[in-house]
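Working notes for the structure below.
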Amino acid sequence: MITGERMGAVDENAAALGVPRKQLMESSGNAVARAVRDVAERGDRVAIVAGRGNNGGDAFVAARFLDGYDVTTLLLGRAANIGTEIARENWDALQRADYDAREVTDSSGFELPECDVVVDAMLGTGISGDLREPAVTAADAINAADATVVAVDVPSGFDADGGDHADNGVEADRVVTFHDAKPGLEDLDAEITVADIGIPAAAERYVGPGDVDLARPDTREGRPNIIGGGPYTGAPALAAQAALRASAELAFVAAPDSVAGEIQGYSEDLIVQSYESDVLTPEVADDLLETAEAYDNAVVIGPGLGTADETLEATRQFLSSYTGRAVVDADALEVVPEIETDATLVCTPNRGELARMGGPDTDDLASAADEIEAFAAELGHVVLAKGANDVITDGERTRISRSGTVGMKVGGTGDTLAGVVAALLEHAEPLDAAAAGAHVNGLAGERLAETKEHGFLASDMLAELPAVLWGGDDE
């Protein structure tokens, strides 16, 4: 089962793998035509009611596969306003080939032809809420018609993400949905067909540009709090700066007095909040917990903390009581298997840290993906295992990021990853934030590898993150 939102990401990933959306639309339209042929006799009258998105594009393709039927295609709106190039191409094909395809530019002018089958292709996944004109008038006519209603992907007005279906939506007799069932379809009084349209399994398994789009916020938001530093100063500074480059509005670093000034010196953009001790202690952890809970921002805990006994105890104490979202990295990871918490954790171990936490001990993370998934299920948290291929899993769903380069073995790239994930965690679900963060961090490394002949530093990656995330040289 797959949500409409996730389906959009898979479509984009498939295109990146070499299976373009135009090809998928051809397969989808063919599947719709097969469903119509299943319920209609040759020569029957078929009315296609289409919107201006890709859902309508699927139906335009279907019309070409129904030459043995009396087909009328009604486009709700002007053809000039069709939303995607591939849908427009398929509309134009109907026009040039002299199919009966008409524009309905005003709801008052909508009239459903006498028909045996109606194809509902007005609105697909990704659109929720009550229908508006001209879809309202069309839906009323479809529901009142003495015809079999075949819906494309989902009935218009059906919410494939949140389950809040429109009261004035289309009541379908059959639904042809693509690639996988959508949540809630099984509750409809309709026959559901899942059509294989040729999306490779890799489009779901491997992280791609669709995952980045899914996790990327539209604007800067969130104020992650990095708890780190003591023995080391560069790690928390890198994590905080990466969070800023990856969409955070502000980034805070909580660190000991003894190193706060040094951390601040890395960048004037950081907000460093110092506390009185040389390392993180249980007393300090209480204050940090109160702040974190009050402001409900994502936390990164671990970079540069060290492994002093009192620091590990403070980390246990913080994570056991925390109820928000946190990226757990580096020195903080070893306490996770021994605590119970209501917090939402994304754990980012490298191969060695994964083994020390109780996960599989392997140099090839991708080949051990099932074992890592089982470990995450037992742990009860999202695991982002870092290696040549990153494995991201919540114990039920697993994705693999193949981005990155051997140059990323340099110290600090894991800290930038923690910051990127924390920034995305302000907007996206934990698994989605972790998967997209791994991919973005790896692509930043790949961009550097193309220009840095003699290798690069983790700090060099900071400048690449906005370009990877937003597709330009800056936000």
Side-chain angles (χ1 to χ4, degrees), residues 2 6 9-10 13-14 16-17 200-212 214-215 239 242 246 300 302-303 325-330 332-334 336-337 344-410 413-422 424-425 428-446 461 468:
I2 189 169
R6 176 68 186 150
V10 170
N13 289 350
L17 292 169
E204 286 199 72
R205 183 69 163 176
Y206 296 119
V207 184
D211 298 277
V212 177
L214 192 62
V300 178
R325 298 148 293 156
V327 179
V328 185
D329 188 40
L333 286 165
E334 69 174 86
V336 173
T344 299
L345 305 185
V346 176
C347 302
T348 58
N350 59 32
R351 292 170 298 171
E353 291 163 340
L354 177 67
R356 290 192 290 274
M357 291 176 71
D361 187 357
T362 177
D363 290 333
D364 186 353
L365 295 177
S367 67
D370 290 345
E371 296 174 67
I372 298 172
E373 181 179 284
F375 172 67
E378 181 181 349
L379 195 65
H381 304 297
V382 172
V383 172
L384 194 176
K386 301 175 292 193
N389 292 305
D390 301 328
V391 175
I392 308 100
T393 177
D394 62 1
E396 295 181 356
R397 299 164 295 169
T398 296
R399 293 171 198 150
I400 297 172
S401 175
R402 299 184 290 183
S403 67
T405 171
V406 293
M408 293 178 67
K409 290 182 179 180
V410 65
T413 59
D415 301 308
T416 62
L417 172 61
V420 172
V421 174
L424 299 181
L425 197 57
E429 294 298 315
L431 182 67
D432 295 332
H439 197 60
V440 166
N441 204 55
L443 290 177
E446 288 183 10
M461 293 181 60
V468 172

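For clarity, every value in this text was computed on a predicted model and none was experimentally measured.
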**Request:** Only pairs at least two apart or in different chains count here, so list each salt bridge (charged side-chain N to carboxylate O under 4.0 Å, His left out) that has a residue in residues 354-373.
**Result:** Arg351-Asp363
**Message:** Check whether Ser403 reaches the backbone of His439 with its side chain - one donor and one acceptor, N or O, closer than 3.5 Å.
**Reply:**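 Pair found, side chain donor or acceptor close to backbone of His439.
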**Request:** Using atom types as modelled and distance alone, determine if a side-chain donor or acceptor of Asn441 lies under 3.5 Å from a backbone N or O of Ala438.
**Result:** no
**Prompt:** Would Glu396 and Leu431 satisfy side-chain contact (heavy atoms from CB on, under 4.5 Å), going step by step from the backbone distance to the final call?
**Reply:** CA-CA 10 Å; Glu396 295 181 356; Leu431 182 67; over 6 Å; no
Among all residues two or more places apart in sequence or in another chain, which pass the salt bridge (charged side-chain N to carboxylate O under 4.0 Å, His left out) test with [X]?
| X | answer |
| --- | --- |
| Arg397 | Asp394 |
| Asp432 | Arg399 |
| Arg325 | Asp296, Glu426 |

**Prompt:** Considering residues, nucleotides and ligands other than Glu446, do more than 12 of their heavy atoms fall under 6.0 Å from its CD?
**Reply:** yes
Distance in Å, [X] [atom1] paired with [Y] [atom2], rounded so as to fall on 0.5 Å steps:
| X | Y | atom1 | atom2 | result |
| --- | --- | --- | --- | --- |
| Glu353 | Leu333 | CD | CG | 5.0 Å |
| Ile392 | Ile400 | CD1 | CD1 | 8.0 Å |
| Arg6 | Glu204 | CZ | CD | 6.0 Å |
| Asn350 | Lys409 | CG | NZ | 12.0 Å |

**Request:** Would you please test Arg205 and Thr398 for side-chain contact (heavy atoms from CB on, under 4.5 Å) and show each step?
**Result:** CA-CA 7 Å; Arg205 183 69 163 176; Thr398 296; 3.6 Å; yes
**Asked** By side chain to side chain donor-acceptor pair (under 3.5 Å), which residues pair with Thr413, not counting sequence neighbours?
**Response**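 Applying side chain to side chain donor-acceptor pair (under 3.5 Å) to Thr413 gives none.
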**Request:** Identify, with sequence neighbours excluded, every residue that meets side chain to side chain contact (heavy atoms under 4.5 Å, CB included) alongside Ala326.
**Result:**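 With sequence neighbours excluded, Ala326 shows a side chain to side chain contact (heavy atoms under 4.5 Å, CB included) to Val299, Tyr322, Leu345, given in chain and number order.
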Looking at every heavy atom in both [X] and [Y], which two are closest together, and how far apart are they?
| X | Y | answer |
| --- | --- | --- |
| Ala368 | Thr362 | CB-CG2, 3.8 Å |
| Val420 | Gly437 | CG1-CA, 3.8 Å |
| Ala422 | Val300 | CB-CG2, 3.4 Å |

I'd like a table of donor-acceptor pairs (distance under 3.5 Å, sequence neighbours excluded) in which one partner is a side-chain atom from residues 379-389, with atom names and distances.
residue, atom, partner, partner atom, Å
Lys386, NZ, Asp329, OD1, 3.2
Lys386, NZ, Thr348, O, 3.0

**Asked** Under the side-chain contact (heavy atoms from CB on, under 4.5 Å) criterion, do Leu365 and Leu354 qualify, and how do the steps go?
**Response** CA-CA 10 Å; Leu365 295 177; Leu354 177 67; 3.9 Å; yes
